[in-house]
Amino acid sequence: MRTYDFSPLYRSAVGFDRLARQLESAARSSQENGWPPYNIETTGENAYRIEIAVAGFSPDELNIEAKENSLTITGKKAANDDGAPQKTYLHRGLAERDFERRFQLADYVVVKGADLSNGLLTIDLQRELPEALKPRRIEIATGKTLIEGETAGKSDKAKKAA
């Protein structure tokens with residue numbers, strides 16, 4: 001396993017500490033066991049989808065929490081103490097272990113919804129820029145102001161009135 005040292009970034013860059021923490025977190029999380037498997041896809045210019053394989057989990061055993069720029073999905077398997085006799089497995093290939101999966105979200109990315117179908121948990125995300133950050137067209141005025149309130153290219157109404 002390879003580890004990365006981000007301390008030079010802290011020494012030479014001011015204001016990038018959040019980015020460095022995200023890089024460190026990504027490096028740590030890539031070394032995890034990788035369970036459950038997941039996909040991240042783009043579904044539009046500012047739309048994304050995360051699909052997580054959670055076969056055997058019911059909706060009440062899953063929790064999705066969005067906090068600041070972090071999305072956390074946890075699965076806690078309910079105890080099988082329903083009075084049924086304990087099962088004896090010859091082979092157990094279906095993982096029924098608890099998990100926690102974290103994703104770092106970019107600024108202004110919000111969770112739009114989640115769905116559990118056929119063992120796949122699908123989480124839809126959308127980047128929603130505030131109006132103040134969206135590009136806007138600036139109108140260009142023409143004509144020079146000669147006298148306060150009047151311009152060099154008077155309108156027809158102004159010429160008739162004069």
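Keep in mind that the numbers below use all heavy atoms, side chains included, and drop hydrogens, waters and symmetry copies.
The shortest distance between side-chain heavy atoms of I123 and F103 does not fall below 4.5 Å. Here the side chains of I64 and T74 are not in contact, with every heavy-atom distance at 4.5 Å or above. A 4.5 Å side-chain heavy-atom check between E61 and K77 finds at least one atom pair inside the cut-off. Between E51 and Y38, the closest side-chain pair of non-hydrogen atoms is not below 4.5 Å. Looking only at side-chain heavy atoms (C-beta outward), I73 and N63 stay at 4.5 Å or farther from each other.
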Step-by-step side-chain contact (heavy atoms from CB on, under 4.5 Å) determination, F99 to K76: CA-CA 7 Å; F99 70 90; K76 296 211 183 286; over 6 Å; no

Verify side-chain contact (heavy atoms from CB on, under 4.5 Å) between L71 and R102, making sure each step is shown before the conclusion. CA-CA 6 Å; L71 175 66; R102 293 182 185 270; over 6 Å; no

Audit row: I50, L125, side-chain contact (heavy atoms from CB on, under 4.5 Å) steps and yes/no: CA-CA 8 Å; I50 299 173; L125 306 163; 3.7 Å; yes

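For the residue pair S117 and D115, no side-chain donor N or O sits within less than 3.5 Å of a side-chain acceptor on the partner. R49 and T43 share no donor-acceptor pair across their side chains, judged by distance under 3.5 Å alone.
Residue L90 holds its CG atom at 12.5 Å from CZ of R92, rounded to the nearest 0.5 Å. For the atom pair CG of D124 and CD of E41, the computed distance is 8.5 Å after rounding to the nearest 0.5 Å.
In the hydrophobic clustering of this structure, I40 groups with V54; members are Ile, Leu, Val, Met, Phe, Trp, Tyr whose side-chain heavy atoms approach within less than 4.5 Å, directly or through other members.
By the 4.0 Å N-to-carboxylate-O rule, E128 lies close enough to K112 to be salt-bridged with it.
Taking both residues in full, the closest heavy atoms of A53 and P36 are given as O-CB, 3.2 Å, listed atom of the first, atom of the second, then distance. Of all non-hydrogen atoms in S58 and L116, the two that sit nearest each other are C-CD2, 4.0 Å. For the residue pair G75 and L62, the shortest heavy atom distance occurs at CA-CD2, 4.0 Å. Of all non-hydrogen atoms in T72 and S70, the two that sit nearest each other are OG1-OG, 3.9 Å.
Ring pair W35/F57 is tilted by interplanar angle, where 30° to 60° counts as tilted.
Within 6.0 Å of CG in D60 there are more than 12 heavy atoms belonging to other residues, nucleotides or ligands.
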